[in-house]
Amino acid sequence: MKKELVKVIEDSLKALGLETIPSIEAEVPPNDSMGDLATPVAMSIAALLKKSPRKIAEELINSIKDLSAKAGKSAFEKIDIAGPGFINFTFSKEYLYSEIKKLIEYKSGFLREDIGKGRRVQIEFISANPTGPLHLGHGRGGATGEALSNLLNAAGYKVEREYYINDAGKQVKLLGLSVFARYQQLLGIEYPFPEEGYKGGYIEDVANEIIKENGKKFLQRSFEAVSDFFIDYSYRMILSGIKKDLKDFGINFDTWQSEEELYKKGDVEEAIEDLKIKGFIYEKDGATWFRSTAFGDDKDRVIIKQDGEYTYFTSDIAYHKKKIEKTYDELIDIWGADHHGYIPRVKAVIEALGYPKEKLKVLLVQMVNLLRGGKPVQMSKRAGEFVTLREVMNEVGPDTTKFIFLTRRPDSHLDFDLEVAKAQSSENPVFYVQYANARINSIFTHAKEKGINTDRLYDADLMLLSVYDELRIIRKLLIYPMVFEGAVNTYEPHRITFYLQEISGMFHPYYNKFRVVSDDIELTRARLALCGAIRIVLQDGLEILGISAPEKM
RNA sequence: GCGCCUGUAGCUCAGUUGGAAAGAGCAACUGCCUUCUAAGCAGUGGGUCAGGGGUUCGAAUCCCUUCAGGCGCGCCA
């Protein structure tokens, strides 16, 4: 719909002799009676042309009418001026029917605009340390990353999803030591538990697993002697748990990048060397620094400490260097908002390496506040007490959990109340949407049982869809590509979620008011076509969100 | 102290990137299942868009400021 409108306006602007054609915005008017689409273009160029918006709108409309008279066809039934200078367009029913016909015939191919044009994007998300199970915040990042990946992929981008594994350094060593200590304790040795060690119950699980496989083999050994084994074993077991959680939550990754590997392959050394050559590295106070202030960071950052160890940031430099040097057109990092202070220094790396900082887009996902019955659930990583994503999935369900995340924009600080999420389960919006899809499936089953041909519905006589309720749904369906485009351009999958609720909110009343399958075969075919079109859109949207579309409920 | 995010109905949140008379779900109340799935439908009530200035044809949206909440400001990861 939008394409048609934009084309018509551009043509008429040219016909009016305008030299530079502005980008045409189209929006849905607040009220049905105002038409199907509106554009504020007359108002936005009013200052430029030094004419009143309404005057410009009038000239534009006349020009459009002239052009369509010459062409001998028009997609519009009515074009008029409204308010301060909006031009409201009402499409002809013939146009609407022909568009719906295309939707039914070409399915997703009709819905999904090719915006990416094959551009390669890498999206890195979650990247939780393999030192413990995923928690709900990771779930939010995961749901967002998955949906965004699906969205961009559907929009013609070539998307690669990556999980960065922080399997090097102190954290993982501490993990190994924690497990080692528990191992000793479980076998009756009074071994001191590390001060800052991981105290969660999962540490014991790992220790028990080692006992099961190796018995008392490591009992009389020092940690130093067996640390490689404990570290490796622990992090692998936890990582496989993470992978299982992600699988069950419906999150997919293409690549898993190990931090340790960056060190082993010399990528870290190489990155430092490169920055040194470019002149952004210096020594001070016995440490080695990266001059990130050259690119707007608050202060320079240490990359090699006095004791010769690298910092966490150092491998991040190498990691982003590696990423940016691949053939991606764009990099997207999805981080928890608590890491926002990190953006300037990573952007500085991108620039120092000679790339435009726009090439890296950092999306922040706000914190999740976990509640139960209105009261905050105490979470302390140090004490090892926290509600895991697994527990929430088990209690609330993956689809509901994802839907809650995807009905909020990433910026919003989210209150996730377990009781509310569960209590809503029967009337949760996610079921409302899924139910619409299941109901349509049921209608089709019923129609087939009655011997009605449900194939080639694009050949049905769509003109029979003439009541207001039907035309309203048709218009809503044809808006989907605009919603899709908006979601893609802003990286906001939640727009799809809201749209799906709206279209479902039109289908259910329609279902209640009208019978789809009746003795009137032609009308039945037409209504099946409409339901089929709704189902196409519902399934397309749910697929993007990474939420299942059950056939029956 | 500085920086980032947030403040919209009783609660949880949208608001098409500055557009027309502010929306949804939940919660509350009243009706609807011999007919394609009642996880549904029909109806009712609910707002100083945190407060105050400014920018312009036009502001919940942009700028300034005050207040409130969250997060971040390590040679931690």
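Fair warning: this is a prediction, and the values are worked out from it, not measured in the lab. In what follows, every chain begins at residue 1, and chains take the letters A, B, ... in the order their sequences are listed.
- A side-chain donor from one of A/Glu162 and A/Tyr319 sits under 3.5 Å from a side-chain acceptor of the other.
- A distance of about 23 Å separates the P atoms of B/rG18 and B/rA9, rounded to the whole Å.
- Distance A/Arg345 CZ to B/rG72 C1': 10 Å, rounded to the nearest Å.
- As judged by a 4.0 angstrom heavy-atom cut-off over every strand, A/Ile304 is placed among residues making no nucleic acid contact.
- Between the side chain of A/Asp316 and the base of B/rA77, no donor-acceptor pair of N or O atoms lies under 3.5 Å.
- Note on A/Lys170: every side-chain N or O is 4.0 Å or more away from OP1 and OP2 of B/rC75.
- For the OP1/OP2 pair of B/rU6 and a distance below 4.0 Å, the side-chain nitrogens and oxygens of A/Arg409 include at least one atom meeting the criterion.
- Rounded to whole Å, the distance from CD1 on A/Ile404 to C1' on B/rA14 is 15 Å.
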Could you go through A/Tyr510 and A/Phe514, starting from their C-alpha distance and side-chain angles, then the distance that decides it, and tell me whether this counts as ring pair (Phe, Tyr, Trp, His ring centres under 6.0 Å)? CA-CA 6 Å; A/Tyr510 176 70; A/Phe514 299 94; 5.2 Å; yes
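- At a cut-off of 3.5 Å, with distance as the only test, a side-chain donor of A/Ser33 or A/Asn31 sits close to an acceptor on the other residue.
- Contact annotation: side chain of A/His413 to base of B/rG7, donor-acceptor pair absent below 3.5 Å.
- Nucleotides B/rG7 and B/rC62, compared at atom P, are 10 Å apart to the nearest Å.
- When distances are taken from the side chain of A/Asn129 to each of B/rA21, B/rA77, B/rG3, the shortest belongs to B/rA77.
- Rounded to an integer number of Å, the gap from A/His340 NE2 to B/rC5 C1' is 8 Å.
- Comparing B/rA38, B/rC76, B/rA20 by their nearest atom to the side chain of A/Arg439 picks out B/rA38.
- Proximity of A/His494 to the phosphate of B/rG15: a side-chain N or O atom is located under 4.0 Å from OP1 or OP2.
- A residue-by-residue look at A/Gly169 and A/Pro53 shows that A/Pro53 has its nearest nucleotide of RNA chain B further toward the 5' end.
- The distance between atom CH2 of A/Trp335 and atom P of B/rA77, rounded to the nearest whole Å, is 16 Å.
- A donor and an acceptor atom, one from each side chain of A/Gln171 and A/Thr131, are nowhere located under 3.5 Å apart.
- Taking the ring centre of A/Phe498 as origin, the terminal cationic atom of A/Arg495 falls outside the region bounded by 6.0 Å and 45° from the ring axis.
- Residue ring and base: A/Phe498 does not count as stacked with B/rA14 (centre distance below 5.5 Å and interplanar angle below 30° not both satisfied).
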Start with the C-alpha gap between A/Ile231 and A/Leu175, add the side-chain angles, then the distance that decides, and say whether side-chain contact (heavy atoms from CB on, under 4.5 Å) holds. CA-CA 7 Å; A/Ile231 291 169; A/Leu175 170 73; over 6 Å; no
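- Looking at the side chain of A/Tyr432, the nearest of the listed nucleotides B/rG7, B/rG40, B/rA77 is B/rG40.
- For A/Pro429, taking side-chain heavy atoms from C-beta onward, the closest of the listed nucleotides B/rG25, B/rA21, B/rA42 is B/rG25.
- Closest to the side chain of A/Arg408, from the set B/rA20, B/rG19, B/rU12, is B/rU12.
- The phosphate of B/rC75 has neither OP1 nor OP2 within less than 4.0 Å of any side-chain N or O from A/Lys284.
- With RNA chain B read from its 5' end, the first of the two nearest nucleotides for A/Met482 and A/Val516 is the one closest to A/Met482.
- In this model, the phosphate group of B/rA14 is approached by a side-chain N or O of A/Ser412 to a distance below 4.0 Å at OP1 or OP2.
- At least one donor-acceptor pair under 3.5 Å links the side chain of A/Arg408 to the backbone N or O of A/Ile404.
- The side chain of A/Val517 lies closest to B/rC36, out of B/rA20, B/rG15, B/rC36.
- Here, B/rA39 and B/rG25 have their C1' atoms 14 Å apart, quoted to the whole Å.
- Between A/Tyr312 and B/rA77 there is no side-chain N or O to OP1 or OP2 distance below 4.0 Å.
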So A/Tyr310 and A/Ser315, side-chain contact (heavy atoms from CB on, under 4.5 Å) or not? Walk me through it. CA-CA 8 Å; A/Tyr310 294 109; A/Ser315 53; over 6 Å; no
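- Comparing B/rG72, B/rG40, B/rC73 against the side chain of A/Lys299 picks out B/rC73 as the nearest.
- B/rA77 atom P lies 8 Å from atom CD of A/Gln171, rounded to whole Å.
- Taking the P atom of each, B/rU56 and B/rA22 are spaced 24 Å apart, rounded to whole Å.
- A straight line from CD of A/Gln366 to P of B/rG70 spans 13 Å, rounded to a whole angstrom.
- Here the nucleotide nearest the side chain of A/Tyr511, chosen from B/rC75, B/rC41, B/rC36, is B/rC36.
- For the pair A/Lys422 NZ and B/rC11 P, the computed distance is 23 Å after rounding to whole Å.
- In this structure, B/rU17 shows a glycosidic angle within 90 degrees of zero, which is the syn conformation.
- Distance check on atom C1': B/rA68 versus B/rC32 gives 46 Å, rounded to whole Å.
- Relative to the side chain of A/Asp411, the nucleotides B/rC75, B/rC4, B/rU6 differ in distance, and B/rU6 lies closest.
- Listed nucleotides B/rA77, B/rC13, B/rA20 differ in distance to A/Pro29; the shortest reach to its side chain belongs to B/rA20.
- Remark: C1' of B/rA39 and CD1 of A/Ile440 are 15 Å apart, rounded to the nearest angstrom.
- A syn orientation is assigned to B/rC33, its glycosidic angle lying within 90° of 0.
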